[in-house]
Amino acid sequence: MATPDTYTKPERATERGIARRELAKILREGRVCEFCTHRDSQTIFGRTVCQKFGRSYPLCAHTPGLQFEPDHQRLKGKSTCTSES
């Protein structure tokens, strides 16, 4: 038996809208790995790299191991929206 949805239809639409804005922000920056939770704390030649050697987006999304997970705190820090504090 399937579990009932926890969100109402307007809440789901809002969540999708937020996800679209975050994705647009990531793609606009052009550096997907910079917004991943698995990024290394050090940068190499000004580029953010994965904790695992030799991994980068989009290959990490299709192979076993660490997968891309958005870092919502970092996305919030890069926001250009004036209504967020």
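The model shown is predicted, which means the values in this text are computed figures rather than measured ones.
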(request) Answer yes or no: is there a donor N or O on one side and an acceptor on the other, between the side chain of Arg74 and the main chain of Cys36, under 3.5 Å? (result) no
(request) Determine the minimum heavy-atom distance between Arg12 and Tyr7, stating which atoms define it. (result) NH1-O, 3.0 Å
(request) Could you tell me the separation between the CD atom of Glu22 and the CZ atom of Phe35, rounded to the nearest 0.5 Å? (result) 10.0 Å
(request) Quick one: list whatever passes side chain to side chain donor-acceptor pair (under 3.5 Å) with Asp71, sequence neighbours left out. (result) Arg39
(request) Look up atom OG1 in Thr37 and atom CD in Gln67, then write down how far apart they are to the nearest 0.5 Å. (result) 11.0 Å
